[in-house]
Engineer: 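A single structure is presented below for examination.
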2 protein chains.
Amino acid sequence: MNNLLGLAVLATVVERPMHPYEMATLIRARGKDRDMGVKWGSLYTVVRNLERHGFLAVEETVRQGAHPERTIYRITDAGRAELADWARDLIATPEREQSRFQAGLSVGAVLPPDELAGLLRRRLALLDEDITAQREMLDTARREVPRLFLVEAEYELAVREAEASWVRSFLEELTAGSFPGLDLWRAWHESGRMPPEVAELAERGRTTD
Amino acid sequence: MNNLLGLAVLATVVERPMHPYEMATLIRARGKDRDMGVKWGSLYTVVRNLERHGFLAVEETVRQGAHPERTIYRITDAGRAELADWARDLIATPEREQSRFQAGLSVGAVLPPDELAGLLRRRLALLDEDITAQREMLDTARREVPRLFLVEAEYELAVREAEASWVRSFLEELTAGSFPGLDLWRAWHESGRMPPEVAELAERGRTTD
DNA sequence: CGACGTATACTCGCGAACGAGTATCAGGAT
DNA sequence: ATCCTGATACTCGTTCGCGAGTATACGTCG
């Protein structure tokens, strides 16, 4: 059980018993699907797993017309406890999460510096668009929704802004030419392959793990 | 092929032909395993996939004593192209990645505000520790490694710092009592369950997707 | 009034990922 | 001389996620 969709399900069904499809609708309406990166294909699997672990229990199964049966679940005491524990853990324990951008940066040297600069400019433009859009959405939402239910969005925005500003400053070093070793770096890419003596330099002083 | 371990493999074997275990050693030595969130159980699967796609080719297979056979791979032209394309994509295209913390925050209301504050304090402490450690590591590394190979670490640090500072400011609002709706929120948790009329408020104005 | 889109509600099977296991060898400690 | 630890090098089986598919009902537009 480390699929975050499970958390969204628990947080939704805690309100009142309901069937999976209704959970999905509510999760979507509250925008939790974004926060959890939900893939709907896993919904029924996840719900069944939660039941297997005793966090949900079947309340009843009803049938309506020729529709398939709907199974209505309710949360158990264990489920409520799990919901709280899960939330506690996610909030209190920072974990090194892998970011695609970081991965990209860590192989950034395989591209010539000027191309890299172009890519970063592109990223920055998209980031800025996204930031304005999100900021606008937040401002709209604040009129109807208490801030309590918007903190995740505020957090996301803050992180995005930090990323944008980091990219901007890196980009400035690249375009101003003040980034150390720029010429050398450009030279490898102009004249074929990277010299192996440089590769050795890539080994970093790794003390902590 | 969207396992980042594959990117690390390509970025390593581009230097010279080698066998999988050697790739693993190099990837670890260069600290790329952190950036990519590598699980070593997938190494051989990933290498075989890269070969299947024509990005790697078998150079030779040697046997040494009673050790299992070692298969030595080299990168192909297609592989080099894929490496560059992959890097380009990761760098230029920002993507909404799901963060555990954000998920936690988005169900933060299931915890009473004072407990949440405690958890955030704990997170902040751990974050601060981590930040100092990383900063120190970076400073050490900078003495031996060109900055070009440290940008990912600089980026990571910047993001961490932004997170810490967001948490700090949220925490201040909570402890100073200036967070809107604090009393109401506290009241639900003291007196049983969350009133359903509040749940309705959680639906946010969702325009963009 | 029929046809087409969209919401409702759920199932299935492939396939990637990865934890755990296996087996050999080198070198230092006892 | 033998034990043990840690590095070398790779395999396997299970689990889980999830994309794609299925089938009915409802509304609406021409």
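Here is the naming used below: chain letters follow the sequence lines, and residue numbers restart at 1 for every chain.
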Engineer: What is the separation between atom CZ on B/R28 and atom P on D/dT8, rounded to the nearest whole Å?
Structural biologist: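 Between P of D/dT8 and CZ of B/R28: 8 Å.
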
Engineer: When the distance from CG of B/L43 to P of D/dC12 is rounded to whole Å, what number comes out?
Structural biologist: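 Those two atoms, CG and P, are 15 Å apart.
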
Engineer: In chain order, what residues pass the salt bridge (charged side-chain N to carboxylate O under 4.0 Å, His left out) check against B/E129, with sequence neighbours excluded?
Structural biologist: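 With sequence neighbours excluded, B/E129 shows a salt bridge (charged side-chain N to carboxylate O under 4.0 Å, His left out) to no residue whatsoever.
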
Engineer: What is the separation between atom CD1 on B/I72 and atom C1' on D/dC10, rounded to the nearest whole Å?
Structural biologist: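 Going from CD1 in B/I72 over to C1' in D/dC10 covers 15 Å.
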
Engineer: Taking only N/O atoms, report every protein-nucleotides 15-19 of chain C pair under 3.5 Å with atom names and distance.
Structural biologist:
residue : atom : partner : partner atom : Å
C/dC18  : OP2  : B/S42   : OG           : 2.9
C/dG19  : O6   : B/G41   : O            : 3.4

Engineer: Could you tell me the separation between the CD atom of B/E22 and the P atom of D/dC10, rounded to a whole number of Å?
Structural biologist: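 Rounding to the nearest Å, CD of B/E22 and P of D/dC10 are 11 Å apart.
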
Engineer: Can you pull out every salt bridge (Lys or Arg N to Asp or Glu O under 4.0 Å) where at least one residue sits in residues 82-91 of chain B? Sequence neighbours excluded, please.
Structural biologist: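 Every pair satisfying salt bridge (Lys or Arg N to Asp or Glu O under 4.0 Å) with a residue in residues 82-91 of chain B: A/R100-B/D89, A/E115-B/R88, B/D85-B/R88.
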
Engineer: Can I get a per-line list of side-chain donor-acceptor pairs under 3.5 Å for residues 159-170 of chain B, giving both atom names and the distance, sequence neighbours left out?
Structural biologist:
residue : atom : partner : partner atom : Å
B/R160  : NH1  : B/D130  : OD2          : 2.9
B/R160  : NH2  : A/E95   : O            : 3.4
B/E161  : OE2  : B/R135  : NH1          : 2.7
B/E161  : OE2  : B/R135  : NH2          : 3.4
B/E163  : OE1  : A/Y155  : OH           : 3.4
B/E163  : OE2  : B/R123  : NE           : 2.8
B/E163  : OE2  : B/R123  : NH2          : 2.9
B/R168  : NH2  : B/D128  : OD1          : 3.3
B/S169  : OG   : B/W166  : O            : 3.1

Engineer: Over how many whole Å does the gap from B/R70 atom CZ to C/dC25 atom P extend?
Structural biologist: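 That distance rounds to 13 Å.
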
Engineer: Using a strict 4.0 Å threshold on nitrogen-to-oxygen distance, state whether B/D77 and B/R80 make a salt bridge.
Structural biologist: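 The answer is yes: the pair qualifies as a salt bridge.
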
Engineer: With sequence neighbours excluded, what pairs up with A/Y73 under the ring-ring contact (aromatic ring centres under 6.0 Å, His included) test?
Structural biologist: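 A/Y73 satisfies ring-ring contact (aromatic ring centres under 6.0 Å, His included) with no other residue.
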
Engineer: Please give, in whole Å, the distance from D/dC18 P to A/L4 CG?
Structural biologist: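 To the nearest whole Å, that distance equals 10 Å.
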
Engineer: At under 4.0 Å, does any side-chain N or O of B/R48 touch on OP1 or OP2 of D/dC10?
Structural biologist: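 So the side-chain polar atoms of B/R48 never come under 4.0 Å of the phosphate oxygens OP1 or OP2 of D/dC10.
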
Engineer: Any side chain to side chain donor-acceptor pair (under 3.5 Å) pairs touching residues 41-52 of chain B, not counting sequence neighbours?
Structural biologist: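 As it turns out, the side chain to side chain donor-acceptor pair (under 3.5 Å) pairs with a partner in residues 41-52 of chain B, which skip direct neighbours, are B/N49-B/R52.
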
Engineer: Expressed as a whole number of angstroms, how long is the span from B/M23:CE to D/dC10:C1'?
Structural biologist: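 Those two atoms, CE and C1', are 13 Å apart.
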
Engineer: For A/Y44 and C/dC10, is the shortest distance between a side-chain N/O and OP1 or OP2 below 4.0 Å?
Structural biologist: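 Answer is yes, contact under 4.0 Å.
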
Engineer: Round to a whole Å and report the spacing from CG of A/L50 to P of D/dG17.
Structural biologist: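 It is 10 Å, rounded to the nearest whole Å.
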
